[in-house]
Amino acid sequence: MRSSELFNPTLREIPSEAEIISHQLLLRAGFIRKTSGGIYSYLPLGYRVIKKIMQIVREEMDLAGGQEILMPIIQPAELWQKSGRWDVYGDEMFRLNDRHNRHFALGPTHEEIITALVDGDVHSYRDLPLLLYQIQNKYRDEIRPRFGLMRGREFIMKDLYSFDIDDEGLDISYRKMYAAYRRIYERLNLKFRVVEADSGAIGGNESHEFMVLADTGESEIVYCAQCEYAANVEKAVCSVDEEIQNDAALLPVEKVHTPGQKTIQDIVDYLNIPAANQIKTLLYLADDELIAACVRGDRELNEIKLKNILGCNQLFMADEDTVKRKCAAGFGSLGPVGLDVKVYADLEIEKMQNFACGANENDYHYKNVNLGRDFVPESIVDIRNAVAGDKCPHCEGILKIIRGIEVGHIFKLGVKYSQAMGATFLDQKGMEKPMVMGCYGIGISRTMAAAVEQNYDENGIIWPIPIAPYHVIIIPVNSKKEDQMEAARSIYEELNKQGIETIIDDRDERAGVKFKDADLTGIPVKITIGPKTLQENKVEVKKRWESEMQLVPLDLVLDAVKNILGNV
RNA sequence: CGGGGCGUGGCGCAGUUUGGUAGCGCGUCUGAUUUGGGAUCAGAAGGUCGCAGGUUCAAAUCCUGUCGCCCCGACCA
């Protein structure tokens with residue numbers, strides 16, 4: 001490709017809208033342009049990267065037995081009503097009506113469509129297992145799209161769905177996908193970690209997330225320094241330290257006046273009681289039932305765990321009016337003692353003694369409260385977020401936390417959708433059974449952003465070779481000098497002939513401009529042709545990720561490039 | 001949804017407090033000189049100041065409404 005013909009508008013300055021590095025660099029390097037909030041166009045270089053990621057994903061899906069199909073983006077409401085998700089999915093679904101006022105959605109995911117599709121044409125155990133996938137745009141009307149491609153409202157996703165005759169079959173499909181996903185991220189050359197995850201709104205009972213490691217990631221990952229355990233903080237199991245002794249003498253409850261003291265920190269200061277010896281009480285509306293959740297004062301409640309335990313559809317923190325109607329106290333004065341709702345206490349609280357909490361009366365707190373004696377929770381459960389320093393649930397190790405970007409997510413769905421939508425088959429004995437499903441997603445466009453988050457320097461992007469838009473850029477220092485252009489063209493043709501994707505920067509720009517653009521766009525190999533070295537029939541070959549270059553004789557350039565790129 | 005910020009040539013911004021008819025840098029175009037890390041000089045094009053109302057002799061500036069963009073968000077009771 002000639003730079004003079006390439007549509008690659010680069011920006012010298014950082015667009016004001018871009019906050020994180022991948023967003024800034026993808027805009028500046030001319031890979032993407034915003035069309036609307038969370039909705040982007042991919043320019044030639046950007047789309048080349050997307051296509052390369054897609055191709056790696058496609059190859060691995062095919063290798064794992066997947067078959068590629070393409071399903072509609074516009075999906076009729078009836079299918080979603082059948083699965084029960086039309087009302088549950090909420091505002092995140094783009095909805096539209098046709099001229100007859102029939103309802104449709106822009107597909108946020110495709111369980112409904114594919115289940116209906118398979119239901120229509122698969123009726124026998126002989127046709128299973130079946131693994132179908134597509135690579136396509138998805139639409140989710142996010143509350144807050146942000147960070148460029150990281151959280152868009154329209155994004156490119158690979159989604160595969162597996163259909164099996166039973167749980168054992170699903171296990172096999174799931175393991176195949178797990179292995180394929182590992183290969184994909186290895187091939188993409190990204191540092192990643194697989195973590196146990198919550199299966200969230202999609203449902204099911206086993207789930208892993210594939211996280212590209214990056215400080216700017218939106219997800220926190222808990223991992224054990226000693227064993228293989230790793231999990232999303234939303235999922236990470238918190239265990240109680242069994243060695244904690246709780247045999248101190250129980251002191252009588254004391255009600256203390258705490259005027260204006262509301263937060264945990266207020267009480268730390270005012271009563272000199274450490275946060276770890278307080279509990280905080282949060283009131284939630286779980287499908288319209290008011291419940292209380294208690295965790296240690298210095299812990300964070302994990303709403304996802306709580307929601308899973310409650311088994312409710314919707315979980316919202318109660319607003320202050322609701323709280324006041326229940327107990328005459330505002331936020332900041334709540335406690336489990338004498339509270340007329342079901343109380344869910346975190347596991348840790350069972351090991352605490354003589355702790356402090358709100359007295360359900362403004363400006364008062366209790367001291368020396370004890371579980372069992374002063375209040376009896378509905379149940380004692382794991383509802384807090386894991387933190388660095390917690391004990392590993394699998395070994396004796398200590399947990400640590402890093403950040404990551406969720407680029408892949410695999411779920412076991414079981415029969416949730418097949419049952420709701422009547423996707424059944426006849427087994428060997430002629431018995432009708434629901435298909436056992438799994439679903440497996442990869443955020444293609446997000447993977448591109450994640451790759452940038454992990455691979456850049458002060459000059460721009462440093463693409464991993466497997467997904468670089470081009471492999472090599474040839475820069476004649478002065479495009480007006482015919483000998484330089486001649487050498488550039490001859491190398492260009494030689495590399496192209498070998499299938500090495502090459503750009504020749506034939507623009508009549510000063511060398512500095514070309515170098516800056518080459519660095520910004522992150523092409524892995526740069527070949528510079530300058531007057532001095534050319535006299536000796538040599539050119540400079542430089543790797544984007546190293547600072548020093550090598551002088552290579554003209555007839556050895558191809559070898560040098562091949563050597564750097566490996567088997568691409 | 002709540003809070004905050006912002007919409008002024010393609011990009012980055014100033015001007016808004018105190019109304020007086022729009023400016024800077026980069027980019028773009030033409031020409032010349034230049035050519036190894038975002039050149040120099042000369043000239044030029046390009047803006048109904050997000051949109052719609054209103055106030056006024058006069059509105060980028062004041063008022064109302066509206067649209068869009070960005071950031072933060074249960075402060076942990």
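Proteins come first, then strands; the chains are lettered A, B, ... in the order of their sequence lines, and each starts at number 1. Everything quoted here is computed from the prediction, not taken from an experiment. Hydrogens, waters and symmetry mates play no part in the numbers below; they use all other heavy atoms, side chains included.
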Any-strand Watson-Crick or G-U partner of [N], both distances under 3.5 Å:
N      : answer
C26(B) : G10(B)
U66(B) : G50(B)
C57(B) : G20(B)
A39(B) : U33(B)
C75(B) : none

With nearest nucleotide decided by heavy atoms, which residue, L11(A) or N478(A), maps closer to the 5′ end of RNA chain B?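 Going by which nucleotide is closer to the 5' end, it is N478(A).
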
Identify, between K480(A) and K514(A), the residue whose nearest nucleotide on RNA chain B lies closer to the 5' end.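 Checking each residue's closest nucleotide, the 5'-ward one belongs to K480(A).
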
Taking the side chain as everything from C-beta on, heavy atoms only, tell me whether F375(A) gets closer than 4.5 Å to N370(A).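 F375(A) vs N370(A): side chains apart.
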
Is there a side-chain contact between N455(A) and I461(A), using heavy atoms and a 4.5 Å cut-off?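 A side-chain contact is absent here, since even the closest heavy-atom pair is not under 4.5 Å.
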
Send over the distance from R33(A) CZ to G10(B) C1', rounded to a whole Å.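 These atoms are roughly 10 Å apart.
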
Does the structure place the NZ or CZ of R140(A) under 6.0 Å from the centre of the six-membered ring of F155(A), at an angle of no more than 45° from the ring's axis?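 No.
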
Please produce a list of atom pairs where a protein N or O lies less than 3.5 Å from an N or O of nucleotides 22-24 of chain B.
none

Hey, is the main chain of V477(A) close enough, under 3.5 Å, to the side chain of Q484(A) for a donor-acceptor pair?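 A pair under 3.5 Å: yes.
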
[X] with [Y]: basic N within carboxylate O range, under 4.0 Å:
X       : Y       : result
E482(A) : R489(A) : yes
D382(A) : K305(A) : yes
R544(A) : D457(A) : yes

Considering all heavy atoms of both residues, which atom of Q550(A) and which atom of I564(A) are nearest to each other, and what is their separation?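 For Q550(A) versus I564(A), the nearest heavy atoms are OE1-CD1, 4.3 Å.
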
Using a 4.0 Å heavy-atom cut-off across all strands, classify E540(A) as base, sugar-phosphate, or nothing.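 Base, at least one base heavy atom under 4.0 Å.
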
Kindly say whether, by distance alone, the side chain of R28(A) makes a donor-acceptor pair under 3.5 Å with the base of G38(B)?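 For R28(A), whose side chain was compared with the base of G38(B), there is a donor-acceptor pair (under 3.5 Å).
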
Check: T10(A)/K516(A) side-chain N/O donor and acceptor closer than 3.5 Å: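 No pair is found: no donor N or O on one side chain lies under 3.5 Å from an acceptor on the other.
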
Where do N or O atoms of nucleotides 70-74 of chain B meet protein N or O atoms at under 3.5 Å, pair by pair?
{"residue": "C72(B)", "atom": "OP2", "partner": "R144(A)", "partner atom": "NH1", "Å": "2.7"}
{"residue": "C72(B)", "atom": "OP2", "partner": "R144(A)", "partner atom": "NH2", "Å": "2.5"}
{"residue": "A74(B)", "atom": "N6", "partner": "E303(A)", "partner atom": "OE1", "Å": "2.3"}
{"residue": "A74(B)", "atom": "N6", "partner": "E303(A)", "partner atom": "OE2", "Å": "2.2"}
{"residue": "A74(B)", "atom": "N1", "partner": "E303(A)", "partner atom": "OE2", "Å": "3.4"}

Check: protein-nucleotides 27-33 of chain B nitrogen or oxygen pairs below 3.5 Å:
none

